[in-house]
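Accompanying notes for the structure given below.
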Amino acid sequence: MRHGPEKYFVLGEDDTSSGGRREQAKRPALEWERQFRFSRWGPPGQPVDRVVLEKVARAMTAPVRGGTSQPSQANPPVPAGYTYLAQFIGHDLTMDRTLGLLDERVSVRDLLQGRSPSLDLDSVYGRGPDDADDDRLYAPDRVKLKTGITAAIDGPGTNVNLNGYDLPRVTHGETKAERQAPLIADPRNDQNLLLAQTHLAFLHSHNRVVDQLAEAGLAGKALFSKARETVVRHYQWMVITDVLPRLVEQTIVDDVFSNGRRFFEVEEADMPAIPVEFAVAAYRFGHSMVRMAYDWNRIFDGDRGTLPLMFVFTGLSGNFDPAAADVNDQESGIFERLPTNWAVDWRRLYDFAGECGRDDLAAPAGVNMARSIGTLLVNPLDSLPEGAFGGIDTDPLKIELNLAFRDLARANTVRLASGQQMAALLNIPALRPDQIISGSGGASLDELTSQERAAFADNTPLLFYALREAELCGGRLTGVGGRIVAEVFHRVVEASRMSILHDRSWRPTLGPTPDTFRMVDLLLFAFGADRRRLAPLGDTAPPS
């Protein structure tokens with residue numbers, strides 16, 4: 001799911017010759033990383049010409065009319081926090097540990113991946129407190145997870161360090177980039193500020209569960225094990241009942257989780273492999289949900305929480321430099337952790353008032369809503385910070401900074417099946433050529449020649465195809481994209497050692513009812529339902 005240069009190897013396929021603009025050394029692999037592989041679900045596809053991909057990518061990231069105003073067309077609209085919760089979930093499932101080039105032809109036979117292909121939060125827990133490397137993620141009690149502290153900055157209410165409002169950071173090293181690096185199991189979760197705060201919420205949730213179980217008498221390894229199981233099961237329930245129905249057509253979700261899978265690994269095996277059709281295409285739908293700007297907190301309200309700043313105020317993609325003259329210069333700026341004036345206001349990302357009846361937690365100007373799933377991405381995504389994809393000091397071409405191009409070009413590297421091929425495989429009526437070319441208010445393909453349009457409509461990259469489907473369905477994944485996402489999630493929940501699908505009697509205990517646990521409930525639980533903790537900067541500046 002990384003935005004960077006990736007080399008894919010798929011089970012059952014031989015290596016192919018490769019080439020590119022520059023050679024990059026493959027990172028050495030650890031045996032524990034080799035447990036998890038990618039697989040191919042559909043047939044190999046025919047690559048799309050790079051010139052066509054460049055044109056399509058530019059169309060997908062064309063400037064949006066109307067400035068930063070971005071009302072959601074989805075019905076009902078999706079709070080903006082789910083954009084980054086979905087990204088967090090994707091990072092929990094898959095991470096390619098090998099390196100390659102965007103135009104490098106590779107195989108998928110032995111793809112190296114560092115995430116377990118099950119929904120078990122190893123992106124948070126790593127290999128646990130007893131591991132010689134990952135023990136640094138944990139507090140001295142080896143049960144709780146570390147959190148970080150913000151850096152005071154001049155201003156009323158912000159001239160204090162806030163404990164627990166930044167990710168834990170390395171804090172030592174010869175360079176600023178080394179010192180500001182996140183101390184978490186999956187560094188990618190510090191790619192942008194919204195994702196970083198989502199990861200932090202899960203750290204707080206685990207620590208709160210630990211406190212509750214400790215009061216009941218558990219201690220040591222038994223306490224950690226029970227706390228992790230509790231958090232993971234609630235997380236799985238939330239993904240199935242709260243996240244997927246907001247993003248995937250409800251009839252597909254109901255069919256898969258009531259009747260089981262019909263296509264992907266129908267017979268349960270010891271260990272699933274994540275299909276490249278999911279990782280490289282269908283699950284990248286969230287890129288289209290990203291807003292141009294966010295009403296972030298009391299200080300950065302309205303449109304002042306711009307998307308570029310969401311990259312600046314991270315350790316992986318940015319440099320915590322308020323001036324942000326060059327976000328790619330990670331040695332610039334005086335801050336090595338999140339300044340206090342960027343502390344999150346969760347009320348602006350999730351609807352506590354509408355979903356929980358907590359009018360006291362209503363955001364002053366309403367909740368940020370995500371953009372609908374479709375073929376248009378906001379224009380800032382045509383120029384990613386180099387740190388967002390591991391590209392510092394690699395001198396990428398301008399088009400290689402375009403997120404849409406990176407997504408489309410990556411599919412070529414693994415000869416990904418087209419949308420039409422997957423539709424035939426899944427027995428789903430394919431989109432008509434006119435639907436692919438015209439869509440419904442999405443990317444305009446006028447820059448393509450008539451010959452290029454005809455070829456593109458006949459051999460459509462799977463990601464573009466799934467986004468067009470959603471665009472024509474009012475902003476929800478449907479058809480090919482919806483089926484791929486729903487069936488893979490059913491499989492990865494089933495594969496977990498703590499799977500709620502293997503214990504149908506299990507019900508949440510941390511939500512308002514035995515059948516309810518949503519992201520708003522996780523946040524209420526993690527922060528003690530305390531308005532001052534969910535919005536630490538409040539709505540008005542305190543007296544000097």
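Bear in mind the structure is a predicted one, so any value in this text is a computation, not a measurement.
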Next on the checklist: With side chain to side chain contact (heavy atoms under 4.5 Å, CB included) as the criterion, how do E336 and R169 come out once you've worked through the C-alpha distance, each side chain's angles and the decisive distance to 0.1 Å?
Outcome noted: CA-CA 9 Å; E336 296 182 2; R169 303 205 174 270; over 6 Å; no

Checklist entry - Going through the distances and angles, do T509 and H234 end up as a side chain to side chain contact (heavy atoms under 4.5 Å, CB included)? => result CA-CA 8 Å; T509 59; H234 280 81; 3.6 Å; yes

Checklist entry - side chain to side chain contact (heavy atoms under 4.5 Å, CB included) between V290 and L377: does it pass, once the steps are laid out? => result CA-CA 7 Å; V290 174; L377 281 62; over 6 Å; no

Item to check | Audit row: T513, D515, side chain to side chain donor-acceptor pair (under 3.5 Å) steps and yes/no | outcome: CA-CA 5 Å; T513 73; D515 292 315; 5.4 Å; no

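Under 3.5 Å, the side chains of S332 and N319 contain a donor-acceptor pair of N or O atoms.
Taking the six-membered ring wherever Trp is involved, the centroid distance between the rings of F313 and W342 falls below 6.0 Å. The ring of Y283 has its center closer than 6.0 angstrom to the ring center of F489. Remark: aromatic rings of Y82 and Y350 are close, center separation under 6.0 Å. Taking the six-membered ring where the residue is Trp, the centroids of Y125 and H206 are separated by under 6.0 Å.
For R136, there are no side-chain hydrogen bond (donor to acceptor under 3.5 Å, both in side chains) partners two or more places apart in sequence or in a different chain. With sequence neighbours left out, D134 forms a side chain to side chain contact (heavy atoms under 4.5 Å, CB included) with R127, D131, L137. Looking at residues two or more places apart in sequence or on another chain, you find a side chain to side chain contact (heavy atoms under 4.5 Å, CB included) between P536 and L162, Y165, A343.
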